[in-house]
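These notes concern the structure reproduced below.
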Number of protein chains: 2
Amino acid sequence: MSEIPHVVVSRLPIYLRALENIAAEGLTCISSQELSERLGISAAQIRKDLSMFGEYGKQGRGYPVAALTEALRRHLHVDRMWDVVLVGVGDLGHALARYKGFPDHGFRIAMAFDKDPEKIGTRVGEIEVEDVRYMARRVQENGILVGMIATPANAAQEAANTLVFAGVRALLNYAPIHLTVPDDVRVEYLDPVIPLQRMTYYL
Amino acid sequence: MSEIPHVVVSRLPIYLRALENIAAEGLTCISSQELSERLGISAAQIRKDLSMFGEYGKQGRGYPVAALTEALRRHLHVDRMWDVVLVGVGDLGHALARYKGFPDHGFRIAMAFDKDPEKIGTRVGEIEVEDVRYMARRVQENGILVGMIATPANAAQEAANTLVFAGVRALLNYAPIHLTVPDDVRVEYLDPVIPLQRMTYYL
DNA sequence: TAGATTGTTAATCGATTAACAATC
DNA sequence: TAGATTGTTAATCGATTAACAATC
């Protein structure tokens with residue numbers, strides 16, 4: 001079953017995004033060599049990764065864009081729409097709630113919570129900001145499995161605890177802090193300072 | 001010289017962030033074991049990584065927080081302030097320009113550009129949005145080496161080209177597209193859809 | 001058919017872990 | 001001193017690459 005290494009899984013969304021762009025250009029078939037040049041990932045790597053999920057390629061031609069796109073969406077479980085809960089509606093949370101890139105890629109911000117009375121009740125994007133005190137119940141009742149944390153650092157771990165308690169199993173964390181969560185909960189980090197510092201090392 | 005593997009470099013900002021939090025808690029010394037529990041990185045890994053930069057630890061006690069923090073800042077070149085150019089002042093660019101986490105960690109948004117006449121001339125954070133047509137010259141004149149791209153996907157590659165032409169050598173890209181740049185330019189990606197899809201694979 | 005490109009194997013390369021002497 | 005923890009070595013583990021028979 002899940003004998004597919006995480007490094008491979010972590011590249012699948014990148015392949016998917018590239019294939020969507022390639023389809024938008026009107027191409028119906030793409031070779032691993034061509035993909036390699038577009039992504040900076042070796043052609044051998046791409047073929048090996050994709051072969052773990054089935055034989056989608058055709059010798060002499062390459063990979064059919066539409067069929068491979070569909071297959072990747074299926075394997076990544078984004079051939080459906082995931083409801084997402086957002087915690088923290090500051091500048092960043094606001095931007096996330098209005099971000100146009102989610103709906104077409106499997107995600108919908110379904111609820112947003114904040115603790116600031118000034119924000120509670122206001123609208124952002126398609127939804128109304130709710131009181132974080134009711135978050136656990138609301139998340140649980142709606143069976144939401146994906147959360148985004150856009151609170152200040154000092155509120156992030158508590159937000160994570162509440163979300164995990166409420167059943168969330170995947171967390172996207174923008175706060176500049178490592179989150180401690182149970183083993184069956186996934187966390188991905190998007191603190192912008194980290195990648196910036198990774199680059200200044202080389203400057 | 002640069003015989004330090006990139007995987008190691010990529011963990012340094014994470015150690016630095018943790019040490020800053022640990023210092024804020026008032027601790028002056030921390031063992032690799034304790035750090036391991038906080039970060040989910042093995043103690044052996046942490047010791048091996050840190051030993052590549054010098055012998056900061058004391059047997060029996062652990063690592064002195066202040067000295068190690070300072071050393072990491074130095075190695076990452078964030079013991080100075082980097083001026084950053086921001087391209088694209090939509091919701092996300094707006095949030096980035098006002099983000100409080102940059103100044104204390106080595107970065108200052110020094111300029112912001114957009115092509116929308118409605119936005120040009122408005123203020124965001126500490127700065128005024130400028131016309132993207134003058135970006136190359138302004139960036140070059142100020143010797144800016146770090147850029148952040150928060151434009152729509154279809155404008156991102158052109159923004160990158162302009163920035164690279166103007167001398168930028170490190171790019172943080174929020175647009176959902178792979179950027180093609182010369183070998184001596186670093187790019188890090190922060191498209192939020194990618195990490196979300198990495199997690200839904202396991203749901 | 002000839003040319004191109006896949007899927008896969010074996011070889012290489014690199015990263016992580018376990019273990020322990022050195023030492024604070 | 002006794003206990004704890006480092007820095008480092010050797011062993012393990014895993015990921016990437018090169019190469020090519022199979023085949024569209």
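Convention: sequence-line order gives letters A, B, ...; per-chain numbering from 1.
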### Message
Rounding to an integer number of Å, can you tell me how far B/Lys58 NZ sits from D/dG7 P?
### Response
9 Å
### Query
Where the side chain of A/Tyr202 meets the backbone of B/Leu76, is there a donor-acceptor pair that is under 3.5 Å apart?
no
### Query
Closest heavy-atom contact between A/Val146 and B/Leu203?
CG2-CD1, 3.8 Å
### Task
Please confirm whether the backbone N or O of B/Glu158 pairs with a side-chain atom of B/Thr162, one donor and one acceptor, at under 3.5 Å?
yes
### Query
Has B/Ser42 got a side-chain N or O lying under 4.0 Å from the OP1 or OP2 atom of C/dT16?
no
### Task
Determine yes or no for a side-chain-to-main-chain donor-acceptor pair under 3.5 angstrom, with A/Glu130 supplying the side chain and A/Met135 the backbone.
no
### Task
Indicate the atoms forming the closest heavy-atom contact of A/Pro13 with B/Gln197, along with that distance.
CB-OE1, 3.4 Å
#### Entry: Donor-acceptor under 3.5 Å (A/His77 side chain, B/Thr200 main chain)
yes
### Query
What integer distance in Å separates B/Glu55:CD from D/dT5:P?
18 Å
### Query
What's the shortest heavy-atom distance between A/Ala150 and A/Leu96, and which atoms?
CB-CD1, 4.2 Å
Nucleotides 20-22 of chain C: which of its N/O atoms have a protein N/O under 3.5 Å away?
none

### Task
Could you note down all residue pairs passing side-chain hydrogen bond (donor to acceptor under 3.5 Å, both in side chains) where residues 15-27 of chain B supplies at least one of them, sequence neighbours left out?
A/Asp191-B/Arg17, B/Tyr15-B/Asp49, B/Glu20-B/Arg73, B/Glu20-B/His105, B/Glu25-B/Arg38
### Task
Enumerate the residues from residues 60-73 of chain A whose closest heavy atom to DNA chain D is under 4.0 Å, giving them by residue number; use none for an empty result.
A/Gly60
#### Entry: Close approaches to DNA chain D from residues 17-41 of chain B, in residue order (heavy atom, under 4.0 Å)
B/Ser31, B/Ser32
### Query
Should A/Leu163 and A/Val87 be marked as a side chain to side chain contact (heavy atoms under 4.5 Å, CB included) after you check the CA-CA gap, both sets of side-chain angles, and the distance that decides it?
CA-CA 9 Å; A/Leu163 291 175; A/Val87 198; 3.7 Å; yes
### Task
Test side chain to side chain contact (heavy atoms under 4.5 Å, CB included) on B/Glu37 and B/Glu34 and set out the steps.
CA-CA 5 Å; B/Glu37 282 156 23; B/Glu34 171 74 15; 4.1 Å; yes
### Task
Under 4.0 Å between any heavy atoms, over every strand shown, what does A/Phe53 touch: base, sugar-phosphate, or nothing? Just pick one.
nothing
### Task
Would you mind building the protein contact string for nucleotides 10-15 of chain D? One character per nucleotide, 5' to 3', B for base within reach (heavy atoms under 4.0 Å), S for sugar-phosphate only, - for untouched.
-----S
### Query
Do the rings of A/His178 and A/Tyr189 sit parallel, tilted or perpendicular, given the 30° and 60° boundaries?
parallel
### Task
Return the orientation label for the B/Tyr56 and B/His75 ring planes: parallel under 30°, perpendicular over 60°, tilted otherwise.
perpendicular
### Query
Starting at the 5' end of DNA chain D, which residue's closest nucleotide do you reach first, A/Asp49 or A/Gly57?
A/Asp49
### Task
Among B/Leu179, B/Val187, B/Leu172, find the one that has a side chain to side chain contact (heavy atoms under 4.5 Å, CB included) with B/Ile149.
B/Leu179
### Task
Mind running salt bridge (charged side-chain N to carboxylate O under 4.0 Å, His left out) on A/Asp91 and B/Arg98 for me, showing each step along the way?
CA-CA 8 Å; A/Asp91 283 330; B/Arg98 290 162 48 88; 2.6 Å; yes
### Task
May I ask you to decide if A/Glu188's main-chain N or O and A/Asn173's side chain share a donor-acceptor pair within less than 3.5 Å?
no
### Task
Please give the angle, rounded to 10 degrees, between the axes at the start and the end of the helix from C/dG3-D/dC24 to C/dC24-D/dG3, where five pairs define each axis.
30°
